[in-house]
Structure formats: structure tokens, C-alpha cells
Amino acid sequence: MEKIVILTGAGLSAESGLGTFRDEGGLWAQHRIEDVATPEGFARNPQLVHDFYNARRAQAAEATPNDAHHALARLQREFDGEVVIVTQNVDGLHEKAGSSVIHMHGALTGALCASCDHRWPAPLEMAPGQICPSCGAPQGRPDIVWFGEMPYFMDEIAEHLAGCTVFAAIGTSGQVYPAAGFVQEARYAGADTVELNLNSTDVSRAFTRHLIGPASEIVPQWVAELV
Ligand code: OAD
């Protein structure tokens, strides 16, 4: 049976009005990664980190999926085979389009206890000292994977990659590992590999096929080839 594994990144949601990280003027040009996306930054200044993710959460709550998200949901519904979507995005737009996805970098809708790892739905606004409903520690944080932390579901993802016949990376710069290495794992499995992006990336050479353009145009075209 055909099995497609798709890795998505911030470029997929760019046309929904959500900024990417590394494009010109992106989030990492406006905020220091060490301050807002590391456990050390959170320990130093939790208010700053909550402010950053509260703003992201509010934006994501307002955002709607674009034609690329809808096309991927269609692929999951109509493809004659398995379609696994692994996303680095925390914005929830795949779900709004009707897809089921693996959130390897967490989600803005989740809260995580830094003390006991309990998870619960995040309120729209989080604040320092948020009480964990399980252990009572005042250590609630966004359930987002930060730099220096292990992404979620890595064993499950490795199994999917080992069994895939097609691997696609959409709107991701290939600068953050382990996700940037998925294309190699898919190649070892003998999969066809395709990169869909506005530009070429650091890992473009690893792909056999390239579709260049805005996700809202090239993703629906690619999906139309497959269903
Ligand atoms: P980046 O900001 O690094 O890369 C965005 C990619 O999307 C670039 O390759 C752009 O060329 C492409 N792009 C931009 N607009 C596009 C469009 N309309 N259509 C198609 N492609 C477009 O974002 P990610 O690769 O997702 O992690 O970043 C990976 C991780 O780094 C994120 O999950 C986040 C960040 O630090 C954490 O916060 C843990």
C-alpha cells in the first residue's frame, strides 16, 4: 500500500497571515530564541515567554486555514493509501481544515507542567505561576517543544518514515533537526521525495523533486496529481 508522510512547517501557514521564523522580518528577527524558546529563557523571565506565546495563541485563534491546509485534508480523505502529516507548526490550522496530524513541536492550545509533565488545555492567556491541575505546582508553561528539548512522537515518526513510499516537506526551511533529517530517513526507506517551498532550502539537494511556489498554489496542484 502507498504511504505518504508529509512534514509541514511555518511556510504552510504564511498565507494564513502567520509569520514564519526565518524569512525576512520573521519571528526570529524580532525575538531572541534564547529568550523565548528555551527552558533557560522561561526560568529567567516567564512573563516574557508567556507574552510571546499568548500573542501567538491569539493570532492562531483568529487565523483560518488556507488552500494548502484544505488540500492536505482532502489528500487524507481521498488518497487510496495512508497519509501521515507530521507538523512542526503549533497553530492548529491543520485541525481546523479537518486533518489529523502529529504535533512534533507541541501546540499552542496545550499547557504543560514543568514539574510533573501533566498536560491540560491552555487558557487563551497564560501567566507565570499557573497552577498544575494534577500536582499543584505553580509551573504551567506552553506545551511547545523548545530548543534543547526532544520533539514529541519521535519513535512513531521514525516508524512512519521507515514505511513510507513518498515523503514530502512543505514550507519548512530544513534548518531545524531532527525534522530536517526526515528526508534522509525516507530515502533510506526507498521513498520518492518531494520538496514544496517558495524557495530552495538548505536540504533541497536531498530531494529528488522540487515544486517551487506559494503553498496555496503548489500544494493543491500536487494533491490533484495524487487523488
Ligand atoms: P522557517 O521560518 O524556518 O522556514 C519557513 C519556510 O517556509 C522557508 O523555507 C520559506 O521559504 C518557506 N515559505 C515561506 N512562505 C511560504 C509560502 N507561502 N509557501 C511555501 N513556502 C513558504 O520555519 P520552519 O521550517 O517551520 O520550532 O521552522 C522550523 C522550526 O523552527 C519551527 O517549528 C520552530 C522554529 O524555531 C520551535 O519553535 C521549536
Side-chain angles (χ1 to χ4, degrees), residues 6-42 48-50 52-57 59-60 63-72 85-94 101-110 112 141-154 157 167-183 194-207 209-223:
I6 300 166
L7 172 69
T8 66
L12 187 75
S13 296
E15 291 162 85
S16 292
L18 302 179
T20 63
F21 295 95
R22 295 176 183 78
D23 294 309
E24 209 181 318
L27 283 169
W28 294 155
Q30 301 166 50
H31 306 270
R32 282 159 42 101
I33 289 179
E34 311 85 282
D35 290 341
V36 300
T38 62
E40 296 77 18
F42 185 65
L48 182 77
V49 176
H50 280 305
F52 177 74
Y53 289 102
N54 286 343
R56 305 274 82 72
R57 197 178 292 109
Q59 261 183 354
T64 53
N66 64 55
D67 287 349
H69 298 98
H70 289 300
L72 293 180
I85 300 175
V86 179
T87 190
Q88 300 166 90
N89 298 345
V90 295
D91 56 34
L93 292 184
H94 278 297
V101 297
I102 298 174
H103 274 286
M104 66 175 291
H105 286 172
L108 286 164
T109 49
L112 168 71
R141 55 166 273 187
D143 189 10
I144 304 281
V145 175
W146 287 328
F147 285 87
E149 298 181 323
M150 182 59 84
Y152 299 149
F153 307 112
M154 289 308 295
I157 294 167
F167 173 76
I170 306 176
T172 179
S173 61
Q175 292 197 31
V176 177
Y177 284 81
F182 289 174
V183 61
V194 52
E195 181 177 62
L196 297 91
N197 200 299
L198 207 46
N199 301 298
S200 61
T201 71
D202 285 4
V203 293
S204 289
R205 280 188 316 277
F207 291 84
R209 187 176 171 205
H210 304 89
L211 299 175
I212 305 281
S216 68
E217 290 174 21
I218 58 177
V219 177
Q221 285 164 13
W222 177 65
V223 167

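Each ligand, and each atom within it, is numbered from 1 in the order the structure gives.
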Identify, by atom number and element, the atoms of ligand 1 in contact range of [X], meaning under 4.0 Å from any of its heavy atoms.
| X | value |
| --- | --- |
| N199 | 11 (O) |
| G9 | 26 (O) |
| F147 | 36 (O) |
| V176 | 29 (C), 30 (C), 31 (O) |
| G213 | 19 (N), 20 (C) |
| A14 | 15 (N) |
| P214 | 19 (N) |
| H105 | 27 (O), 32 (C), 33 (O), 39 (C) |

Item to check | E40 and R32 ion-paired at < 4.0 Å | outcome: no
Answer whether the closest heavy-atom distance between the side chains of [X] and [Y] falls below 4.5 Å.
| X | Y | answer |
| --- | --- | --- |
| T109 | R57 | no |
| L108 | P142 | no |
| H69 | L12 | yes |
| F52 | H31 | yes |
| V101 | V86 | no |
| L211 | V194 | yes |
| H94 | L72 | yes |
| T8 | T172 | no |

Next on the checklist: Return the CG to CD1 distance between L196 and I170, rounded to the nearest 0.5 Å.
Outcome noted: 5.0 Å
Next on the checklist: Using 0.5 Å steps for rounding, measure from the CZ atom of F21 to the CD atom of Q88.
Outcome noted: 9.0 Å
To check your reading of the model: name the closest protein heavy atom to [atom], its residue, and the distance in Å.
| atom | result |
| --- | --- |
| atom 18 (N) of ligand 1 | E15 OE2, 2.9 Å |
| atom 38 (O) of ligand 1 | W28 CZ2, 4.1 Å |
| atom 13 (N) of ligand 1 | G11 CA, 3.5 Å |
| atom 29 (C) of ligand 1 | Q88 OE1, 3.3 Å |
| atom 28 (O) of ligand 1 | R22 NH1, 3.2 Å |
| atom 25 (O) of ligand 1 | T172 OG1, 2.7 Å |

Is any N or O atom of [X], backbone or side chain, closer than 3.5 Å to an N or O atom of ligand 1?
| X | result |
| --- | --- |
| S173 | yes |
| F21 | yes |
| G171 | yes |
| L196 | no |
| N89 | no |
| A10 | yes |

Item to check | Under-4.0 Å heavy-atom contact with ligand 1, by part of A215 that carries it | outcome: both
Checklist entry - Given I218, N197, T201, L198, which has its nearest heavy atom closest to atom 11 (O) of ligand 1? => result N197
Checklist entry - Hey, looking at atom 8 (C) of ligand 1, which of T20, D23, V145 has the closest heavy atom? => result D23
Next on the checklist: For T201, give me all partners under side-chain hydrogen bond (donor to acceptor under 3.5 Å, both in side chains), at least two apart in sequence or on another chain.
Outcome noted: E195, S204
Item to check | Closest non-hydrogen atom pair between R22 and W28, with its separation | outcome: NH2-NE1, 3.6 Å
Item to check | T87-H105 side chain donor-acceptor pair, cut-off 3.5 Å | outcome: no
